[in-house]
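Within every chain, numbering begins at 1; the chains are lettered A, B, ... in the order of the sequence lines, protein sequences first and strands thereafter.
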There are 2 protein chains.
Amino acid sequence: MEKTSRDPAMTDVARLAGVSHQTVSRVLNNHPNVREQTRLRVQAAIKELDYRPNRAARALVTGKTQLIGVVAQNSTLYGPASLLSAFEEAAGQAGFAVSVGRVKVLDRGSIAAAVERHRDQRVAGIVVIAPTSSAADALADVPAGVPLVTVDGDPDRPTPLVTVDQARGAFEATMHLLKAGHETVWHVSGPADWFDAAGRVEGWRQALDTASAEVPPVVAADWSAASGYRAGQMLARMPEVTAVFCSNDHLALGVLRAMSERGRSVPRDVSVVGFDDVPEAAYFIPPLTTVRPDFAAVARETLGLLLEQVSDGETTRPQRTIAPMLVSRESVAPPPK
Amino acid sequence: MEKTSRDPAMTDVARLAGVSHQTVSRVLNNHPNVREQTRLRVQAAIKELDYRPNRAARALVTGKTQLIGVVAQNSTLYGPASLLSAFEEAAGQAGFAVSVGRVKVLDRGSIAAAVERHRDQRVAGIVVIAPTSSAADALADVPAGVPLVTVDGDPDRPTPLVTVDQARGAFEATMHLLKAGHETVWHVSGPADWFDAAGRVEGWRQALDTASAEVPPVVAADWSAASGYRAGQMLARMPEVTAVFCSNDHLALGVLRAMSERGRSVPRDVSVVGFDDVPEAAYFIPPLTTVRPDFAAVARETLGLLLEQVSDGETTRPQRTIAPMLVSRESVAPPPK
DNA sequence: CGACCTGGTGTTATCGCTAACATCACCGGC
DNA sequence: GCCGGTGATGTTAGCGATAACACCAGGTCG
């Protein structure tokens, strides 16, 4: 009767290498005081047994896990999804596992519950993707002492925060259009309760102010192509509209379509700029000039900020913004004569 | 000098309730042999101390974690992203945390590495979202003994697998078009190395066979709207094309646009059906008739199959397919006279 | 009415690791 | 040539839970 023998433990490695288990532990944790020869023997034994340290045992004695909890909305929007994916990659490379707690709606109760689930797991730290004010409000409920970083959250709160510099991206996009010769730039905005959308409105307005251009009314939409299309139908009817900055690429797609349907050629008659640089943006007709946020950088900074809190308990400068990049394609041209 | 006292442990609860720590353990694990009165005392103590069991300690002694590892491609495609999100929710409700290992490309090496990372974490089981043959191949490297379920993988392999019944969805979509009176149905297909795409081609062909309709050549594309648009440009030029089944909604979007550009009205001149029911599909112009996979059901089945393996070691019937649902909107009509 | 079960509880060993201390050989300096 | 320092290693004691067994009271049964 062969019982499947249990996974090898540190003592098994120690026995094979002819040392004590403590020496194995020292090799594993790169302690300096181990003779080179001994280290090699131990490493050979580890490889031979396909030994892997038991994280539970380590966590038990150190009191720390190698787990990071992320709270994110259960959505497939490009921005948040990319962010999450980038963060998982960054954390993975740093040797941390990521446990994702999805939330249907970003309200206090749901977020608090997700945070509790993570605390139950004794995560080392928590990241909350909190792009709306209701989500940011919910963070007030998180007990102090838990390392916490907010991504895409409210820039006006003192909590540790990493965010794309929405205003700067919008500023550059708008400036790009103004420099092409347009007298002013219209804006199709995302939902007002999203910080991303608010920041982009702000950057757009600043650019117009800087250039002393007239500030047209904001055209409000949500993030969808459908709402961009509706906004576009309106704008297409107004001959004075020659340049439009859209709060994301899907809105821009809707605008492109509306323009094309009314026979206004992009970029000959109207120039359009988006935000996000979704993978399809280069295949729109025409290929879309847009602003690309560096999600990988956001992820790296977030992780850095979190690990700083985990080890030091505190952070020196708890806010980071990541400058996005304008990607110039073919949807921008000088205005018609 | 106040040192922040450590989290309460089981013994603290036991002391407060006036019982042994073992009794606390029994209460926590719902053992039957505990007097009601004792149970209440213990529960009160747990609440008072805000005690939460230490998972590391439990994992150490039981040898099992409450963690499930998922390997998924680092993509933002609607299908895989939805699946992942649904699975995280299902697992969360069953008390499992989900650790996601993202992979850039679905090749043997990357998948093997991701699986190894999960094994290091001693996950209870692993789910691999393996929609292409290269991904399915990589599973050969996974050592036996690790509970493993494949989602969206190769239906022709014997590994435990849960998948949407692509062929059936495609069959119904095609039948829907034939019943509307179309003589035959054209198909714009996803990439050939995706099982999803292959299954949908098969279902489409079966439906045509069943109705003894002519089988036109498959129009090959990838999953993008851009490629759908190119396919659509071709189809729009052919007057005999009155019905098109697209392998996903984005392709359908491209086709819709191409048709509209060439003045062929949908659904009056041409009927179009998609697959996936992306959130925007109802806002396409016209609102798109499509096939909705039940991602939540896939997630539930996957979890069930995995937990069955975890507890029993084996599974009886290791393959499950989930029937999708046709969602009828406004992009289908009888063919023009 | 003593043997035996059984429900409720406590005691002890154990999981696999790290931290802290113990040990021991070897070194240089006065 | 004895002393303290230092580098390499071993020994021991937990971390916080579960499992296995021990124990004890009270009821059942022959």
Self-check item: Bending between helix ends of the helix from C:dC1-D:dG30 to C:dC30-D:dG1 [5 pairs per end, 10° resolution]
Solution: 50°

Quiz prompt | Pairs involving residues 141-152 of chain A, ordered by first then second residue, that meet salt bridge (charged side-chain N to carboxylate O under 4.0 Å, His left out) (sequence neighbours left out) | solution = A:Arg108-A:Asp141

Quiz item: Who pairs with A:Asp154 by side-chain hydrogen bond (donor to acceptor under 3.5 Å, both in side chains), at least two apart in sequence or on another chain?
Solution: A:Arg157

Exercise. Please examine the side chains of B:His31 and B:Ser25, heavy atoms only from C-beta on, and report whether any two atoms are closer than 4.5 Å.
Key: no

Quiz item: Does the side chain of A:Pro160 come within less than 4.5 Å of A:Gln309's, by heavy atoms?
Solution: yes

Self-check item: Pairing of B:Glu88 and A:Arg102 as salt bridge, 4.0 angstrom limit
Solution: yes

Self-check item: Segment of DNA chain D, first to last nucleotide, that comes within the 4.0 Å heavy-atom reach of chain A
Solution: D:dA8 to D:dG16

Practice problem: For B:Thr38, check side-chain hydrogen bond (donor to acceptor under 3.5 Å, both in side chains) against everything at least two apart and list the hits. | Solution: none

Quiz item: Mind checking whether A:Leu139 and A:Val142 have side chains closer than 4.5 Å, heavy atoms only?
Solution: yes

Quiz item: Between C:dG8 atom C1' and B:Leu40 atom CG, what is the distance in whole Å?
Solution: 15 Å

Quiz prompt | Interface residues of residues 43-53 of chain B with DNA chain D (non-hydrogen, below 4.0 angstrom) | solution = B:Tyr51, B:Pro53

Quiz item: In whole angstroms, how far is the C1' atom of C:dG16 from the CZ atom of B:Arg58?
Solution: 18 Å

Practice problem: Could you pull out all residues at least two apart from A:Gln121 that satisfy side-chain hydrogen bond (donor to acceptor under 3.5 Å, both in side chains)? | Solution: A:Ser99

Exercise. List in chain and number order the residues that pass salt bridge (Lys or Arg N to Asp or Glu O under 4.0 Å) with A:Asp120, two or more places apart in sequence or in another chain; answer none if no residue qualifies.
Key: B:Arg52

Practice problem: Can you sort out the partners of B:Ser110 under side-chain hydrogen bond (donor to acceptor under 3.5 Å, both in side chains), two or more places apart, ordered by chain and number? | Solution: B:Asp107

Quiz item: Tell me, which of residues 13-37 of chain B have any heavy atom that sits under 4.0 Å from an atom in DNA chain D?
Solution: B:His21, B:Gln22, B:Ser25, B:Asn29

Practice problem: Return the 5'-most residue of the pair B:Thr38, A:Val61 with respect to DNA chain C, ranking by each residue's nearest nucleotide. | Solution: B:Thr38

Exercise. Report the residues that fulfil salt bridge (Lys or Arg N to Asp or Glu O under 4.0 Å) with A:Arg58, sequence neighbours left out, ordered by chain and then residue number.
Key: none

Self-check item: Beyond-backbone contact of A:Asn33 with A:Arg26, side-chain heavy atoms, under 4.5 angstrom
Solution: no

Quiz prompt | Pairing residues for A:Ile322 by the side-chain contact (heavy atoms from CB on, under 4.5 Å) criterion, not counting sequence neighbours | solution = A:Val162, A:Asp294, A:Ala297, A:Val298, A:Glu301

